[in-house]
Amino acid sequence: MASCGSGGGIKFYEFLQFVPGLSQGNGVAADNCYSAWISPVRGKAAVTTGPNSRHLQDDITIAFTGSGGSGVIAVGEMLLRAAARVGFYGLLRKSYGPQIRGGESAAILRLAPQPVAGFADGIDLLVVLDWSHFSRFGDELILGTDTCIIEDAAAGVRPLTVPAAVSILTLDFTGLAGTLGSAHNNIAALGYCGAWLGCSAEQLVASLNHRLQRQDSATLKLAAQVAQAGMGLAAEHPPPLAAPQPGRPEATRWLATGNQLAALGALEAGIRFVAAYPITPASDVLEWLATHIDKTGGRLVQAEDELAAVNMAIGAGYGGVPAMTATSGPGLALMAEAMGLAVASETPLVVLNVMRGGPSTGIPTKSEQGDFNLAVYGLHGDAPHVVLSALSPADCHFTLGWATAIASHYQTLAVVLSDQLLGQSMQVLPAPPAMPFQARLDRAALPPVDGEHYLRYLDTGSGISPMAVPGDPGAMYTADGLEHSIGATPSAGAGDHQQQLSKRQRKLMGLMQSEHWAEGVEQPEARLLILGWGSCYPVALEAQSCLEAAGVPVNVLGVRLLAPLPWEALQAQCAKVSQVLVIEQNHQGQFARYLRGFGLQCHAYHRPGPRLLTALEIQQQVEALVDA
Amino acid sequence: MASCGSGGGIKFYEFLQFVPGLSQGNGVAADNCYSAWISPVRGKAAVTTGPNSRHLQDDITIAFTGSGGSGVIAVGEMLLRAAARVGFYGLLRKSYGPQIRGGESAAILRLAPQPVAGFADGIDLLVVLDWSHFSRFGDELILGTDTCIIEDAAAGVRPLTVPAAVSILTLDFTGLAGTLGSAHNNIAALGYCGAWLGCSAEQLVASLNHRLQRQDSATLKLAAQVAQAGMGLAAEHPPPLAAPQPGRPEATRWLATGNQLAALGALEAGIRFVAAYPITPASDVLEWLATHIDKTGGRLVQAEDELAAVNMAIGAGYGGVPAMTATSGPGLALMAEAMGLAVASETPLVVLNVMRGGPSTGIPTKSEQGDFNLAVYGLHGDAPHVVLSALSPADCHFTLGWATAIASHYQTLAVVLSDQLLGQSMQVLPAPPAMPFQARLDRAALPPVDGEHYLRYLDTGSGISPMAVPGDPGAMYTADGLEHSIGATPSAGAGDHQQQLSKRQRKLMGLMQSEHWAEGVEQPEARLLILGWGSCYPVALEAQSCLEAAGVPVNVLGVRLLAPLPWEALQAQCAKVSQVLVIEQNHQGQFARYLRGFGLQCHAYHRPGPRLLTALEIQQQVEALVDA
Amino acid sequence: MLKAKEYKSGIKPIWCPGCGHFGVLNAITKAFAALEQAPENAVLVSGIGCSSRLPAYVNSYGFHGVHGRALPVATGLKVARPELNVIAVGGDGDGFSIGGNHFLHACRRNVDLVYLVMDNEVYGMTKGQASPTTPAHWDHSKLTPHGPQLRPFQPCALALAAGASFIARGYAGDPNGLAQMIFEAVRHPGFAFIQVLSQCVTFCPEQARWKQQVHEEDHNDCCDPVAAARFLHGEDGLAKGNFYRNPRPVWPPSAQAGGAVDLRSEFAL
Amino acid sequence: MLKAKEYKSGIKPIWCPGCGHFGVLNAITKAFAALEQAPENAVLVSGIGCSSRLPAYVNSYGFHGVHGRALPVATGLKVARPELNVIAVGGDGDGFSIGGNHFLHACRRNVDLVYLVMDNEVYGMTKGQASPTTPAHWDHSKLTPHGPQLRPFQPCALALAAGASFIARGYAGDPNGLAQMIFEAVRHPGFAFIQVLSQCVTFCPEQARWKQQVHEEDHNDCCDPVAAARFLHGEDGLAKGNFYRNPRPVWPPSAQAGGAVDLRSEFAL
Amino acid sequence: MSEALYQDEAVFLAHSVALEQEATERLYELADTLEIHNNRSLSSLLRELAAYSEQHARQVAGLCQGHSLPGLRAWEYAWPQDESPEVFHYSQVHYLLQAEQALQVALEVEQNAAAFYRDVAARTHNPQIQRWALQFAGEEEEHVRKLQARLLQVNAGQSPRDHTDFDPPQIPE
Ligand SMILES: Cc1ncc(C[n+]2csc(CCOP(=O)(O)OP(=O)(O)O)c2C)c(N)n1
Ligand SMILES: Cc1ncc(C[n+]2csc(CCOP(=O)(O)OP(=O)(O)O)c2C)c(N)n1
Ligand code: SF4
Ligand code: SF4
Ligand SMILES: [Mg+2]
Ligand SMILES: [Mg+2]
């Protein structure tokens, strides 16, 4: 860190040095391994060339559905944990009905020998504990003719919409559990599937114990018995499809959601103040922070609303303490005015926006990428700021770290766009390397040389002005959202205005040089580039691999730095191919419109949620373009 | 209006019929004269062809500056009123220092024989009552070598920045007033300038009386004497430049600000509910409404903040009463979340945003066009809505009327962008024709045919769903910002989501057919189109006329319907020329970026305020392009 | 004349079995029956939360807006359409946290509305975080693992200080008593505030104890703000009853009829 | 040790001659002198309004934010940097209209801040519209030509109901008395609220009469909320004095030191 | 009102009708809710109980022929407690409710109803009211016996259950 330059003042705000004081725990990897970790689907750094290493044949997608306390979500989580112990990587997403609790639900699990960051198109194995309301998941549980269904004997009437062609096996999980005195057919199903995947009884019991931590030992014992009975059933009546093969991962692996990883990334990069107002699907970021930030010496405040939350974070940021808040669409809209204040007053601020279906209250529990416009354009006046997108659940960690460093370094607002899919999916991933970013204010010019007046908003070469924080003697100034002179006095002068506007825009240009602006995989002889952002990126990689198999090599690029857009670098990527297809999950094609504003000639494929974008539909789009 | 279809229910909300009950007062003109009135600088309807009828030689710009109670603003207003009576058209803008009152100020007045909607580049006659702080206006009072300065003998030390070349006349306004026992040198200056412009003593006294309404008769009498003394001085020492010639207007003319005209337009089109939170420069819209809406049977509520204001307007709109609020940048940002609610729940809502310098608190008293992005893109999720821009002070009337009708007809949010320059400039203009727009809900399908269920969010051919309002029997429903089915029950289904998203976008397509989407003037053999919006449009027309004089014919188009953009119609206009220059007054070129997103190839000229965009700089830009 | 149950819309609530909000729904339908309310002339306006889902379940007009803004929407609607019976409903999070400012100003403004807050001392819908009325040491939320550690918000005392002219507290477990309160609140000219203790069985199962703890405290005739303040500063928050009633001029004063008016002449030169 | 006048920044206020806010500036500098405040360790945080311009005029750090949000900014700053002396300042419009919710919640939260509101019963900066504290029949604003017709907001009564632990009212025309209040408010642990009657000579020239009308009312030892409520519900709004002081636990409780911690192990399989 | 309950036939009948109707509505409401929450077995049990009450309500309504019943407002009934004695209290149920608990609650409210009628029978001076009250009390006691039997059956047929809640609450908005 640059010297603070002032002797006495420093002592009582030593934490401004931003020594995070965090041990990096397990599986610390060197800095240069980071990008391998972020885009787990592929091999090397930044934009790599070569075949997409992902082989579709190796993976399997298992879905559990049920309702009213049947506990399918719990089974999904326990099975993921157990399968991970066997050597699988995997991803789990959850889907619910509108009830607050006890509603119908589904857990969709994808397992593979190597890291997976996105979901597949179809379901290989569907385990049904209860058929009622199954149609509610029609958008999400897509049955192919090769889907294999295992239904509980007590699952009720199978809906007519289930294709006749699929193979169906009826097993009496309920009866099996019942004979042991348990009502939990879900645990029997867990045992059944676990055995098929090669989990040992210990591994399954360990998962059960982890999940049922607070239960008494009799309950745990009974659950273990039921699971074992389920394992027995698998030996007798295995599912009529081959079990996938686990990998042989050497590194330490983690099980975490994108939201947890975002929160961890923020803390590791130096966030020490969080202001929180709960909102789905961002609340769990805040909740994780609430239970961990104290340990770092930081603070979380539950605010009365989003207006308070964002202004509290600005207050802390003004005080030199790296600060953030997290929200979702409606909350981000409420924060717009104050985000402009962060821009004008040049106060570091990180805002994580975990997107859900919009507009308005919309579809709060489902994923969509509809807040691009608001994040990039939603401030009044000319207010340049930074917008990043996280490219996978794992990348939430990296991107929050980067955003934290950017906000402090550039004294700016950094909005990070994640979404419900990235944020709430649970991923098995290699342990991330040590956080490469640290929040640091550029305080080189402080305090002013004796006799000089401190110029808070000085127009420096880099555009980054010297930022004093309270406690620095001799550098007192009043930060202002009113336009101001370099000396921080309010000014309505055209010259001051032009100077500050230009400076605030120019200072962000430094970011354009960053290699982190995008991730990608190139293939030799590719004629088309699939360009995506956020949670579309893993889907695009998957499509790339399908297309490769079909003999259509394409390049894939996921843009992490959405604004300011490194247009030249992007152009260079686009120039390598003859067609560009922009993909995103929203109705209006917001990102594509944005790119066209820079002059990009592109095709665009976009549609709203809540149905996830699939590799198959992207593949079809690409094939149509390539054929034409 | 479509029949409400229900007998009994209608009686107690008869005002829903939206009979505005307003007599159209003076100067009613036929509907087809409207567009002539709106773009006063030129001749006929929509896009006209022919020479720009504006001749620069005929106009004159007079500025008054002074400070600390010298009353230059009052002089400006009184002179405009008196000059109007002589037959001038004109425009007046005011500029203040940062003090709440008594600070330095300037009144800038442009007079011509035909309507003027924009300001000129330079000052022809500068009347200085006090030189101190003159430099504060350096950006706004641009002195050319042919500027003629009249300074009061007591004006103090002339700053060094005043070019030596200008002609300066020192007159003792202070002494003249003093001999009559008055401290008001400004009134002497009024008499002086008035006489020069050809005003009679009665005309000047009428202006004085209008302005000093609340004063006692002795004061009025003294003021009249001082003014007459000033007139005498003009006879002795006329300014060393020719007086301009007034016109011979036949129609009744008005004196009003854009903000007043916007308010009038809203009431005349049927607005009957206003929610208000004061903010510069929108407060005077609200204040005018507050003193007039009662007469129409409508209501204004002063809200506790902008969040309340916009939601109150939504409540009234849901009740079937045309409703609006007015604000400026920071307030608009606060309204973003609820604006999304209006979109999702399909509630009519008009929001007038009078722009000021941004970002954040920015430069509240000065004009800028920086809120384009926020207005067009500032909602979360995919939220199609309408954004209009007023193209002149007079056009504020038309555009608010149109917005009011659109909001009701399309059950949507209509944002109108005006700015400080349009809103607070005082214009002499021909009396507007009768308001051609009326707010009307499409209630054709109400109530449901017996036995049928009322489907509030039905996906009709037009995309406009049948809207019941409380009081309609048999059509009870709950409006919702959650995604919903056609029957207004919350839904997270992909099908319902897609259907409602598409419907809400499609319903606005009807607007594309409107001839009101833009105004323009074409010239034969034009090779270039100047494309602008809002207050840039009159400046572009002025530049057109200068260019015409210089032998460079260009077309000019001012876009009133910014979103949804009638792209095909715009393309057709652009296809007529080989180059397009987009002009606007903001730092980032927000409109140009937007247009490029549609695929427009254009040049862009934009710079921030508070310095006004001038015809001269546009002319230079065009010449550079044409030369290249 | 409709029966209470005919004021249910037929849409099935998403609420958890045992949720207090059912009791409130029950009370509203009973009050409507007693008021002989024409369904088309009543509007329930809400924000976001479990409680704010209520309008859809009632056979009347409804507006389910955004979080915290029920009162402004209701205010705009009532001022624009004074002949309607407008009732704003919502939760403690919606009304006292994000919506706190509107609550204060609605109390002062005294528009002829009813505002009913289903107070379960928690954010139900977002999974059980502390709300302004949560006890300081309630540590069941991950967002405040040591409890909110703040003095709970006192809705009735604040309503009084802010100028509400009708203040009462009901209990969802007593829908009949609550129905009477709602009935009287609707009849009361001006802003009427009812805080309803409405248990969240899912996140605050301890609220089942309210059945034993809630006690009656009637100040029906209390129109003295000082006496009401004294009571409200002392009580335990579990008293139900009418705490304050003091009609004062309703805003806006009744409208003059809008006739043909000339808005234009002032502009003529 | 600096003298009072050395706490002025040298930037000349834009205020009208005679504006009460000068008196407040004067009082703050005197209080700082008495506190021997190191200028670099004090931060004045404000929103938007004539009053909110004050921070720039004081020789300390300042933050001039957006309208109505001084308290959240101050809260974030103080929680993040507890060693600083953080004072939020602003006007009645800023604090009680748009900022009303933060005011309520700051009172409950009891962070160790001072909040000083320069109450002139008007929106000065936007040209004289009615604020929440404007008298019901004050008809000088074009926005409310018949007067706001609403019951004025009672800041001290509300602060009490919301849980403020220090409540006082000062007068800009008595900067010395006010300086003492500020001095004590800074020393008070927790949230201290001072309402200052600060005349707007431009839009409310009638406030010149405050000089005669303001009267002393000292309840210095009043730590009984019921007694304070009784007083505040009865008084005329022009009493100056300390109305309530009742220290209670400050939020947040003091921090544990952050050392090397392991945030990662919980994720490992 | 309470004196009228004991002495006025129309008022007594109005109470009897309301008592059963309230019970019916409350049970159907809970049954609907449990169905939404996919607890179908309990939901059908509750429907069964609701149908009893509904039938009973019809019987009582039949008796009312020829009486013009007072239109009482919800709060004007002279219930011994806040609500009609035959409704269960809202906070007595939750989504993990088991059949035995539901039956237990139903049993309690039937007992309350029986006690209510016995009390009326004891206090009234009107022989007609007394006849009715005793008849209704008898019917309620009949229900009580049925429920007790049912409860025994359920308890007997049931193996020990662990009540692990595998369905964490969700977060819809
Ligand atoms: C602007 C915004 N912020 C946050 C949310 C998330 N949210 C939805 S409901 C809710 C709290 C509801 O609590 P309460 O009003 O007490 O209702 P309850 O569910 O307890 O009945 C929150 C924070 C939102 N929908 N919108
Ligand atoms: C979001 C927003 N809304 C409105 C305004 C306009 N505005 C600026 S100051 C002000 C009122 C100030 O009144 P007060 O706080 O009482 O301060 P005073 O000027 O009286 O000292 C308003 C409404 C704004 N700047 N921002
Ligand atoms: S979570 Fe709580 S408040 Fe929401 S429906 Fe369930 S019990 Fe009611
Ligand atoms: S307008 Fe009023 S508050 Fe503002 S500076 Fe002038 S006197 Fe003070
Ligand atoms: Mg709640
Ligand atoms: Mg004020």
Side-chain angles (χ1 to χ4, degrees), chain A residues 98 136 139 307 329-334 336-337 340-341 343-345 357-366 368 370-371 373-374 376-384 480-483 490 492-495 497-498 501-502 505 586-588 590 593-594 596-599 607-611, chain B residues 98 136 138-139 307 329-330 332-334 336-337 340-341 343-345 357-366 368 370-371 373-374 376-384 480-483 490 492-495 497-498 501-502 505 586-588 590 593-594 596-599 607-611:
Chain A
R136 290 249 174 104
D139 298 334
L307 304 159
L332 190 69
L334 288 173
E337 190 208 11
L341 171 63
V343 170
S345 65
S360 198
T361 312
I363 308 184
T365 51
K366 310 272 171 166
E368 203 168 61
D371 299 348
N373 279 344
L374 170 59
V376 170
Y377 286 128
L379 314 189
H380 66 279
D382 292 291
D480 213 325
L482 273 173
E483 194 53 284
H497 189 39
Q498 174 76 57
L501 284 168
S502 304
Q505 185 164 62
N586 58 46
H587 188 234
Q588 298 178 309
Q590 303 180 5
R593 161 75 53 87
Y594 174 71
R596 290 194 178 113
F598 287 86
R607 60 157 183 75
R611 200 152 52 82
Chain B
R136 289 253 173 101
D139 298 333
L307 304 160
L332 191 69
L334 288 174
E337 190 209 10
L341 172 62
V343 170
S345 64
S360 198
T361 312
I363 309 184
T365 53
K366 309 273 172 168
E368 204 168 60
D371 299 348
N373 279 345
L374 171 58
V376 171
Y377 285 128
L379 313 190
H380 66 279
D382 291 292
D480 213 324
L482 273 172
E483 192 54 284
H497 189 39
Q498 173 77 54
L501 284 168
S502 302
Q505 185 164 61
N586 58 46
H587 188 235
Q588 297 177 308
Q590 303 181 3
R593 161 74 54 86
Y594 174 70
R596 289 193 179 115
F598 287 87
R607 61 158 182 74
R611 200 153 51 81

Are any non-hydrogen side-chain atoms of A:L501 and B:P608 less than 4.5 angstrom apart?
yes
Gap separating the CG atom of B:N373 from the CG atom of B:N586, nearest 0.5 angstrom
8.0 Å
Quick check for you: among B:A344, B:G495, B:A494, B:A336, which has the greatest number of heavy-atom pairs under 4.5 Å with chain A?
B:A494
Looking at B:V376, B:T361, B:D480, which one has more heavy-atom pairs under 4.5 Å with chain A than the rest?
B:T361
Spacing of A:E337 atom CD and B:L334 atom CG [to the nearest 0.5 Å]:
4.0 Å
Heaviest contributor of heavy-atom pairs below 4.5 Å to chain A, chosen from B:G493, B:P610, B:G358, is B:P610
Chain B: which of A:G609, A:G599, A:S345 shares the most heavy-atom pairs with it under 4.5 Å?
A:G609
Counting heavy-atom pairs under 4.5 Å with chain B, which one of A:R136, A:K366, A:R607, A:Q505 comes out on top?
A:Q505
Residue part contacting chain A, namely of B:S502, when any heavy atom lies under 4.5 Å
both
Ignoring hydrogens and geometry beyond distance, is a side-chain donor-acceptor pair present between B:Q590 and A:D382 at under 3.5 Å?
yes
Highest number of heavy-atom pairs under 4.5 Å with chain B among A:G370, A:G357, A:P359 belongs to A:P359
Okay, A:E368 and chain B: the region with an atom under 4.5 Å from a heavy atom over there is side chain
Do you know which of A:G481, A:P490, A:A333 has the most heavy-atom pairs under 4.5 Å to chain B?
A:G481
When you look at A:L379 and A:V343, which way does the side chain to side chain contact (heavy atoms under 4.5 Å, CB included) test go after all the steps?
CA-CA 9 Å; A:L379 314 189; A:V343 170; 3.9 Å; yes
What residue, out of B:G340, B:G378, B:G329, B:P364, has the most heavy-atom pairs lying under 4.5 Å from chain A?
B:G329
May I ask you to name which of A:G381, A:G331, A:A383 has the most heavy-atom pairs under 4.5 Å with chain B?
A:G381
Just how far is it from atom CD1 of A:I363 to atom CG of B:L482, taken to the nearest 0.5 Å?
9.0 Å
Please flag which part of A:H587 lies under 4.5 Å from any non-hydrogen atom of chain B: side chain, backbone, both or neither.
both
State the CZ-NE2 distance between A:R611 and B:H497, to the nearest 0.5 angstrom.
11.5 Å
If you tally heavy-atom pairs under 4.5 Å against chain A, which of B:E483, B:Q588, B:R596 wins?
B:Q588
Classify the angle between the aromatic ring planes of B:Y594 and B:Y377 as parallel (below 30°), tilted (30 to 60°) or perpendicular (above 60°).
perpendicular
Turns out that what part of B:L332 lies under 4.5 Å from chain A's heavy atoms comes down to neither
Quick one: do A:L307 and B:L307 satisfy side chain to side chain contact (heavy atoms under 4.5 Å, CB included)? Show the steps, please.
CA-CA 11 Å; A:L307 304 159; B:L307 304 160; 3.4 Å; yes
